[in-house]
There are 2 protein chains.
Amino acid sequence: MIAEQLITAGIRPTAQRLAIAEFVLRSTAHPSADEVFDAVNEKFPTISTATVYNTLKLFTEKQLLKQLHLRDDRIIYDPNVTRHHHFVDVETGEIHDIEWGAIDVCRIQELSNLDVEDYEVVLRGRRRESE
Amino acid sequence: MIAEQLITAGIRPTAQRLAIAEFVLRSTAHPSADEVFDAVNEKFPTISTATVYNTLKLFTEKQLLKQLHLRDDRIIYDPNVTRHHHFVDVETGEIHDIEWGAIDVCRIQELSNLDVEDYEVVLRGRRRESE
DNA sequence: GTTCGTGCAAACGGTTTGCAACAAT
DNA sequence: ATTGTTGCAAACCGTTTGCACGAAC
């Protein structure tokens with residue numbers, strides 16, 4: 001349950017936070033703050049943008065979300081906090097997750113004088129018409 | 001020469017554009033617009049931020065620069081427009097280029113239903129003390 | 001003289017913050 | 001009582017734009 005997930009992360013599950021969590025932690029669409037606001041605002045018309053921003057920041061600090069900088073105009077949020085890659089559809093702007101095992105990245109360890117703690121592949125292109 | 005590079009790209013080489021070009025096209029530091037402004041402003045105190053932003057936009061359209069979205073707070077610019085990867089130093093925030101051939105990325109073609117037109121690896125970590 | 005480039009100031013848009021009211025412990 | 005949370009409005013900051021002046025063709 002979402003409430004337990006918040007409590008486990010050390011977050012008090014208020015009504016606003018639950019509404020935000022239910023949308024953003026279950027989304028695969030990598031929403032931005034204003035998209036979260038719009039979605040939550042429908043069911044919770046009194047919520048403010050400040051609460052949305054505060055909550056997204058809190059969720060990020062508590063490792064329930066990761067910020068992505070794949071769009072040039074706004075930060076988007078990813079509830080998939082495990083290692084994975086990203087595909088950016090250049091036609092629609094949509095971001096799709098690519099599972100970690102689908103791509104091999106080799107010779108990272110050979111980079112001299114760099115301790116690589118993390119990495120990801122960012123792909124750009126378009127979805128193919130599936131036959 | 002820088003002026004010829006601008007002309008070749010179809011850009012009239014004004015004094016302001018030359019000053020900006022000399023700084024940003026030769027930089028390996030991935031500067032942001034305000035860093036470009038500060039640097040150029042020293043030698044060219046009458047320049048405006050509008051001109052810097054307009055010029056960086058123009059250079060980007062003319063393929064002399066690429067915008068990078070590796071920092072969470074601002075756009076940075078890369079005069080290296082050939083394929084390469086990026087290493088983000090998590091201590092200093094500095095961005096370093098990784099030459100294309102230093103890393104192998106495999107099985108991109110196997111991704112079903114995706115036409116990958118471009119990709120890059122983004123690495124995060126710290127520089128090792130070299131012995 | 002018409003197009004292009006510059007610089008100032010204002011506007012814009014995403015995000016953060018100050019603060020007063022309120023809820024939870 | 002004290003601490004944490006919300007929502008409003010204002011502030012903030014990187015970036016863009018409107019516009020008038022001037023330069024280049």
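It should be emphasised that the depicted structure is a prediction, and the values quoted were computed from it without experimental measurement. Order of the sequence lines fixes the chain letters, A, B, ..., with proteins taken first and strands second; residue numbering starts at 1 for each chain. Side chains included, hydrogens not; waters and symmetry mates left out as well; all remaining heavy atoms used.
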Say whether His84(B) and Glu120(B), considering side chains only, have a donor N or O and an acceptor N or O under 3.5 Å apart.
no

Of dT17(D), dT6(D), dT15(C), the nucleotide closest to the side chain of Tyr53(A) is dT15(C)

Out of dT5(D), dT17(C), dT6(C), minimum distance to the side chain of Arg17(B) belongs to dT6(C)

Does CD in Gln63(B) sit with more than 12 non-hydrogen atoms of other residues, nucleotides or ligands closer than 6.0 Å?
no

Round to a whole Å and report the spacing from CG of Leu58(A) to P of dT17(C).
14 Å

Nucleotide nearest Ala50(A) when distance is taken to its side chain, options dG7(D), dT6(C), dT16(D):
dG7(D)

Is Ser32(A) touching bases, backbone alone, or none of the nucleic acid, heavy atoms closer than 4.0 Å?
nothing

Of the nucleotides dT17(D), dT6(D), dG14(C), which has the atom closest to the Thr51(A) side chain?
dT6(D)

Nearest listed nucleotide, side chain of Ser48(B), among dG14(C), dT16(C), dG7(C)
dG7(C)

Separation between CG (Leu56(B)) and CD1 (Ile76(B)), nearest 0.5 Å, reads 12.5 Å

What's the spacing between Ile98(B) CD1 and Tyr119(A) OH if we round to 0.5 Å?
13.5 Å

His96(A) vs His30(A), test: ring-ring contact (aromatic ring centres under 6.0 Å, His included). Steps then yes/no.
CA-CA 8 Å; His96(A) 301 279; His30(A) 308 83; 7.8 Å; no

Does a side-chain N or O from Thr14(B) land closer than 4.0 Å to OP1 or OP2 of dA23(D), or not?
no

Whole angstrom is fine here: how far is it from CG in Leu56(B) over to C1' in dT16(D)?
13 Å

Nucleotide dG7(C), atom P - distance to CZ of Phe44(B) in whole Å
6 Å

Counting only side-chain nitrogens and oxygens, does Arg12(B) get under 4.0 Å of the OP1 or OP2 atom of dC4(C)?
no

Nearest listed nucleotide, side chain of Ala33(B), among dT15(D), dT16(C), dT5(D):
dT15(D)

Of the nucleotides dG7(D), dA24(D), dG7(C), which has the atom closest to the Thr46(B) side chain?
dG7(C)

Over all heavy atoms of both residues, which pair between Phe23(B) and Glu35(B) is shortest? Give the atoms and the distance, please.
CE2-O, 4.1 Å

N/O (side chain, Thr49(A)) to phosphate O (OP1/OP2, dT15(C)) under 4.0 Å:
no

Please give, in whole Å, the distance from dT6(D) P to Asn41(A) CG?
15 Å

How many Å lie between NE2 on His69(B) and C1' on dG14(C), as a whole number?
15 Å

Nearest to the side chain of Lys57(A), which nucleotide is it out of dT17(C), dG7(C), dT6(D)?
dT17(C)

Asp73(A) CG - dT15(D) C1' separation (whole Å)
12 Å

Using a heavy-atom cut-off of under 4.0 Å over every strand shown, decide if Asp34(B) touches base, sugar-phosphate, or nothing.
nothing

What integer distance in Å separates Arg74(A):CZ from dT15(C):C1'?
11 Å

What is the distance from CD1 of Ile7(A) to P of dA24(C), rounded to the nearest Å?
14 Å

Can you figure out which of dT15(D), dG7(C), dT15(C) approaches the side chain of Ile47(B) most closely?
dG7(C)

